[in-house]
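Notes for the one structure printed next.
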Amino acid sequence: MSTSSVDEIPDQSKDLFTQDGVLLKNCVGRPVTDLNSIGMLCIVQNADGTKCVEWRPNDLITIDSDTQDQEWAVVNTVGRRQRTLSGNMTSDYATLRARIIKIPLEELKTFKVTRNNQQMQFSTKQGVWQTTFYFQHGNAEIFVAYLKNHVKTAKTRHDRNTYVVVEPNVESQVLNRSFAELDIFTENTTDVVWNLVSNFKQRPYETTLEAFSKLTDIVYYGNEGLNGKRDVSEEVADLLTKSMSAMEDATTITKNEEYEVVSVKPTLPPRPCIPRGTPLSTEKWDALQDKDGRITEVEGVKQLIFRGGVAHSIRQSVWKHLLDYYPWQMSHSEIRAHQKKKTEEYFSMKLQWRSMTEGQESRFSEYRDRKSLVEKDVNRTDRTHPFYAGDNNPNLVVLQDILMTYVMYNFDLGYVQGMSDILAPLLLLLGNEVDSFWCFVGFMEKIASNFDMDQAGMKHQLLQLQQLLMFASPDLAQHLAQKDSGNMYFCFRWLLVWFKREFSHIDIMRLWEVLWTGLPCANFHLLICVAILDAEKDVLISKDYGFTEILKHVNDLSMSLDVDRILSTAEGIYHQIVSAPHLNDQIRIILGMEPLNMANSAHSGNSDRQEAGTSRTQTNGNETRTNGNEHTGPFGQDIDEVMYQIGLDMNF
Amino acid sequence: MSSRKKVLLKVIILGDSGVGKTSLMNQFVNKKFSNQYKATIGADFLTKEVIVDDRIVTMQIWDTAGQERFQSLGVAFYRGADCCVLVFDVTAPNTFKSLESWRDEFLIQASPRDPDNFPFVILGNKVDLDNRAVSAKRAQQWCQSKNDIPYFETSAKEAVNVELAFQTIARNALAQETEAELYNEFPDQIKLNANDNGRNRDGDNCAC
């Protein structure tokens, strides 16, 4: 049955990025029957090191078990090997593979994103959009963000949604390459840049810091204008020349000081040691409410909780506020009415699934599948904790009822693995079905994107985490990138259930209530990840751990982490980052800070995903450089970018 | 040619949520069964040394989440696999029906060099339960129709056939490895590629 043919999957090709829920809308040269099928859009690295954008139909993934009956699905594919009637795997597989669309990055000329990030088109020939994809989840910007790590692009002047591929950047992935790897500062090189650097190295640290921080943005954070080695060198030369002219009294070069220059990497300011506070006490909590029970100083309360958490005795009431079940400003009597309304609402939703007959259920597979998944997971959620232990534990029934009612509350999302982990500590603390449900709803509001069908939310967070780590702990980030771990997948469990599997119940309560305050910045949970990883940095690097060892090491940290120490470290890292002179817009946006470069903030809500990789900090007053904005001056584009634009503008 | 060196075999366990992937792995590696395993989030692996035809072989067994939407992250974990174990629950027909898509998904994501001959093993788990819904005959027929995939009926709970199944998994994975080298004139180059994938194999594992 084994055949060898060109259709076989090539050796060693690997997916660098994949995105689900992508519909093939149009493709020149493909039969109509191939269109409008759903699949996965990927960035693939081939065996020979070249890369391509590849689309695979889902049929390839989900051939039904009775393959023989599925002939119709592929009969229209022309010019491929004959399928055998037995429907054996070789031929099915080969025929389906014929429907894969590959666009080599070397041939890619332009691509554009339209319809509010729902549509993406590719062109390998000027004047024709050969391939059009539709993103079901309207998140094409994520694909673009990843694609821009592999090709050097420029936006066109007239249409900021259209990207021109200036250089298919086969070799360098800026995100994954360290400064050193880019080979700028090798000792032996006779390169112009090195000479400049050598001449330059005696200069005072302070005057160069700005220039280098700018350079770091380019090298570390990826940039449309500067992906290749040559460009970086030019940029270095440019920057250094400027700095030199600003500093006339150059001194002589001494060979043994060469490393001075290499060490002029942007370093974060020292990490402040910020002690944790005491938990919000009953007395304080009472004092914060007026006589009717209203809380007006919401920000103050959140500050206190951020600093020290909440005393266990008052968690029940404080959590309901933190999780947006009880509005802060409601009086006692208003809360009673609110609670009554919410209780009725809960039970009416519960009744919806409780009253489903067996017959209905038998004809409602989607519901049935969810119910069975909930049952399976409830039976294996925190069963070692006394509250959920033992056979026929009634608390398991409550867990199940809440999760099933949530399925009715949000049928689009339904039940996803991990939700039972999120709910268990809430029910354990609150002990009440209705309260636990509404608090769970509030928590889910904060983390719903973790459970996206296409995992876009998780992928986005993993990318942001990588970017933060590159800024806060570049040595470790580089090590991970070299070890095929730059995707940060080993942090998946941490992020999906907000560290629930890593801490004891009592510690997870502390961590969650701190995170719920939303202080001191957006995405503070990513800084928790950075704090944990930074503490493991020496082990991971000195033992030269690879992908598998890193994953094992990280998984094995579970239940050995000190929540207060981590919170304190994470806050220290936060202060280091925000006071760093080279803090750029990419990081600012992740942390929810206003970007300095207003051109970026002018875009719509999704702009952070798209623009994050392209912004540069303004450190040098006489140079303005922003990608994709109308005010781009002569500094902003090099000649080949302009040429490409002219070609494009004439053709489109 | 060097031989008799340690070999690392990467084995991926796939199947629907709750079929017993984690339990099978733990029964094989730790000889333990627990009702208290949590649903797997992300991925984890355990290793165990076994002896196959006088050779010491380290099996690295990967366990992943079973819910479909988490599979898009699977590619990072499937890479470089030597054998794929597909598990279903004999009391749940849906989990049996999913086998085909699990297999196809694996082939796409792992992209093995020779997809037609890549070793799979099917395990029908939970045979200790009495509400069986997929007959052994039906499962066997399906396995035969798919290029004669080896089939075992297991119980992770009562340690039925688990050892035997994993012995077969190790043997088939090893055969695949050896065969891959026979096809190639320069086995050392293969080795380098394998290392590039971030795996820690030491040395040549050719037995000839």
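Quick caveat: nothing in here was measured; it's all calculated off a predicted structure. So that the names make sense, note that chain A is the first sequence line, chain B the second, and so on, each numbered from 1.
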- [ ] Please assess A/M458 against A/L495 for the test side-chain contact (heavy atoms from CB on, under 4.5 Å), listing each intermediate value before the final yes or no.
- [x] CA-CA 8 Å; A/M458 286 299 294; A/L495 295 177; 3.7 Å; yes

TODO: Let me see the working for A/L423 and A/L399 under side-chain contact (heavy atoms from CB on, under 4.5 Å), right down to the final yes or no.
DONE: CA-CA 7 Å; A/L423 174 60; A/L399 267 187; 3.5 Å; yes

Open item on the list: side-chain contact (heavy atoms from CB on, under 4.5 Å), that's the test. Do B/I13 and B/W62 meet it? Break it down for me.
Closed with: CA-CA 6 Å; B/I13 309 185; B/W62 283 78; over 6 Å; no

Task: Pi-cation contact, B/F77 with B/K10 (under 6.0 Å, within 45°) - done: no

Task: Under 4.5 Å from any heavy atom of chain B - which part of A/D421 - done: side chain

TODO: Using the six-membered ring of B/F45, assess whether NZ or CZ of A/K552 lies under 6.0 Å from its centre and within 45 degrees of the ring axis.
DONE: yes

Open item on the list: At under 4.5 Å between heavy atoms, what parts of residues 24-37 of chain B are in contact with chain A? List them by residue number.
Closed with: B/N35, B/Q36, B/Y37

Task: Distance-only polar pair, side chains of A/Q19 and A/N139, donor-acceptor under 3.5 Å - done: yes

Open item on the list: With a 6.0 Å cut-off on the ring centroids, do B/F70 and A/F492 count as close?
Closed with: yes

TODO: May I ask you to name which of B/A65, B/A43, B/G66, B/A110 has the most heavy-atom pairs under 4.5 Å with chain A?
DONE: B/A43

Task: Best-contacting candidate, A/M453, A/K376, A/R383, against chain B by heavy atom pairs under 4.5 angstrom - done: A/M453

TODO: With a 4.5 angstrom heavy-atom cut-off, could you sort out which part of A/D15 is near chain B: side chain, backbone, both or neither?
DONE: both

Task: Contact class of A/D369 relative to chain B, heavy atoms under 4.5 angstrom - done: side chain

Task: Toward chain B, the part of A/T381 with a non-hydrogen atom under 4.5 Å - done: neither

Open item on the list: For the aromatic rings, using the six-membered ring if either is Trp, is the centroid distance between A/F490 and A/F547 under 6.0 Å?
Closed with: no

Task: Which atoms of A/Y415 approach chain B - backbone, side chain, both or neither, heavy atom under 4.5 Å - done: backbone

TODO: Decide, yes or no, whether a salt bridge links A/K14 with A/D484 under the criterion of side-chain N to carboxylate O below 4.0 Å.
DONE: yes

Open item on the list: Heavy-atom cut-off 4.5 Å, strictly under: side chain, backbone, both or neither for A/V497 against chain B?
Closed with: side chain

Task: Exercise: do B/Y151 and B/E153 side chains pair donor with acceptor under 3.5 Å - done: yes

- [ ] Run the numbers on A/Q461 and A/S449 for side-chain contact (heavy atoms from CB on, under 4.5 Å), then give the verdict.
- [x] CA-CA 10 Å; A/Q461 286 179 75; A/S449 79; 4.1 Å; yes

- [ ] Please look at A/Q455 and chain B and tell me whether the side chain, the backbone, both or neither of the residue comes under 4.5 angstrom of a heavy atom of that chain.
- [x] side chain

- [ ] Tell me, out of A/L373, A/L462, A/V416, who's got the most heavy-atom pairs with chain B below 4.5 Å.
- [x] A/V416

